[in-house]
Amino acid sequence: MMTATATRTLSIPRPSEADFRRLQHARHEEIARALDMDTDDFMEFKKQVRERIYASLDHSKKFDQQDPSAWRRFVQWAHEAMPSLISKYEDAWPVELYVKINLSKRVAHERHLFRKAVAKYKRTVAPRSPSPVGEAEMSPADLPPPYDEEDRAAVSETPDASMHPDAAPDNIEKFLRSCDFDLGHLTSAFVTRRAGLFNLERLELLASWPAALRRDHLERHFGTMLDDVEIEVLNKRFVEMSHAQI
């Protein structure tokens, strides 16, 4: 019979927090060495975990933002699908490591897509200005704020005071009332320069963004006015709008 001491000697202990963070940015060869896996085993391990991420986790959010219950189910799956991890690695830590790596890369990729979307928006709206004066009127405030260049902020206490001159509040209110919850009370907040969602063209632009970036913008401006469920309802309506554009 194997003793408890012998069992522990078979386990690859979890790295220190500093080493764990370092591995999240290491090359694949270094990670494979830390896991004591050959190339084929490491590639198969990544493939299984990656496919499960797509099926089980919200890949628009980083690891620390995942639903705890979804993560517990993910770990349970790892125990059942890859039992060797349980006997070889303390707390099956390679699973957490690769999930963190994968989700971080996905969010970084979506940030890149966001920047491309903003650049495309600038290219498409600039030619519409009839004169140099018109172009000068297109200030950075007309664009929704970049994902990682502005701190989260509450909507102005008096949103009507800064209503965008091109606002179409009737169209915006119709859109908001078409959500699963009637969110028409947000109309005055949407049509401000700060929120930047003052007409249908702007709504369609936001609908074209990756889900994580769109949710970030909504939380940035409406997080103090809506709970998490209402944010999801609003985001769902934008998803429906994006499908209608295809």
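Heavy-atom basis, side chains included; hydrogens, waters and symmetry copies ignored.
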For the residue pair [X] and [Y], establish whether any side-chain heavy-atom pair is separated by less than 4.5 Å.
{"X": "V99", "Y": "I53", "answer": "yes"}
{"X": "R106", "Y": "Y54", "answer": "yes"}
{"X": "D19", "Y": "R22", "answer": "yes"}

Between [X] and [Y], which heavy-atom pair has the shortest distance, and what is it?
{"X": "V191", "Y": "A167", "result": "CB-CB, 3.8 Å"}
{"X": "S56", "Y": "A70", "result": "O-CB, 4.1 Å"}
{"X": "I12", "Y": "A34", "result": "CG2-O, 4.2 Å"}
{"X": "P169", "Y": "T187", "result": "O-CG2, 3.5 Å"}
{"X": "P13", "Y": "W93", "result": "O-NE1, 3.3 Å"}
{"X": "M82", "Y": "F45", "result": "SD-CD1, 3.9 Å"}

Notebook entry, point to check: Hey, mind stepping through R237 and S178 against side chain to side chain donor-acceptor pair (under 3.5 Å) and telling me if it holds?
Noted result: CA-CA 8 Å; R237 183 65 184 88; S178 68; 2.8 Å; yes
Next item on the list: State whether E232 and K236 are salt-bridged, where the test is any N-O pair (Lys NZ or Arg NE/NH1/NH2 against Asp/Glu carboxylate O) under 4.0 Å.
Entry: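 Salt bridge flag = no for K236 with E232.
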Check: What residue pairs, at least two apart or across chains, pass salt bridge (Lys or Arg N to Asp or Glu O under 4.0 Å) with a residue in residues 57-68?
Finding: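 Sorted result for residues 57-68: D58-K61.
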Check: Going by the salt bridge (Lys or Arg N to Asp or Glu O under 4.0 Å) test, which pairs reach into residues 32-45, not counting sequence neighbours?
Finding: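 Every candidate salt bridge (Lys or Arg N to Asp or Glu O under 4.0 Å) pair involving residues 32-45 fails, so no pair, neighbours aside, qualifies.
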Next item on the list: Might you work through the side-chain contact (heavy atoms from CB on, under 4.5 Å) test for L176 and L234, ending with a clear yes or no?
Entry: CA-CA 8 Å; L176 291 170; L234 188 54; 3.9 Å; yes
Looking at [atom1] of [X] and [atom2] of [Y], how far apart are the two atoms once the value is rounded to the nearest 0.5 Å?
{"X": "R52", "Y": "L57", "atom1": "CZ", "atom2": "CG", "result": "9.0 Å"}
{"X": "F198", "Y": "D166", "atom1": "CZ", "atom2": "CG", "result": "6.0 Å"}
{"X": "I172", "Y": "L203", "atom1": "CD1", "atom2": "CG", "result": "4.0 Å"}
{"X": "T39", "Y": "H28", "atom1": "OG1", "atom2": "NE2", "result": "11.5 Å"}
{"X": "E173", "Y": "H185", "atom1": "CD", "atom2": "NE2", "result": "11.5 Å"}
{"X": "E201", "Y": "L206", "atom1": "CD", "atom2": "CG", "result": "13.0 Å"}

Margin query: Determine whether L97 and F20 satisfy the following criterion, side-chain contact (heavy atoms from CB on, under 4.5 Å), listing intermediate values before the conclusion.
Written below: CA-CA 7 Å; L97 175 66; F20 196 89; 3.8 Å; yes
Next item on the list: Give the cluster check for L200 versus V239: same hydrophobic cluster or not, with ILVMFWY residues linked at side-chain heavy-atom distances below 4.5 Å.
Entry: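 L200 and V239: separate clusters.
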Item checked: Cluster overlap L23 with M43, hydrophobic side-chain contacts below 4.5 Å ->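 Looking at the clustering, M43 is in a separate group from L23.
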Item checked: Criterion side-chain contact (heavy atoms from CB on, under 4.5 Å) on F74 and V95, from CA distance to verdict -> CA-CA 9 Å; F74 194 98; V95 176; 3.5 Å; yes
Next item on the list: Might you work through the side-chain contact (heavy atoms from CB on, under 4.5 Å) test for E96 and W71, ending with a clear yes or no?
Entry: CA-CA 9 Å; E96 179 183 339; W71 174 242; 4.0 Å; yes
Notebook entry, point to check: Do S104 side-chain atoms and I101 backbone N/O form a donor-acceptor pair below 3.5 Å?
Noted result: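 No; zero donor-acceptor contacts below 3.5 Å.
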Check: Is a side-chain N or O of E90 found less than 3.5 angstrom from the main chain of R14, in a donor-acceptor match?
Finding: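 Checked: pair present.
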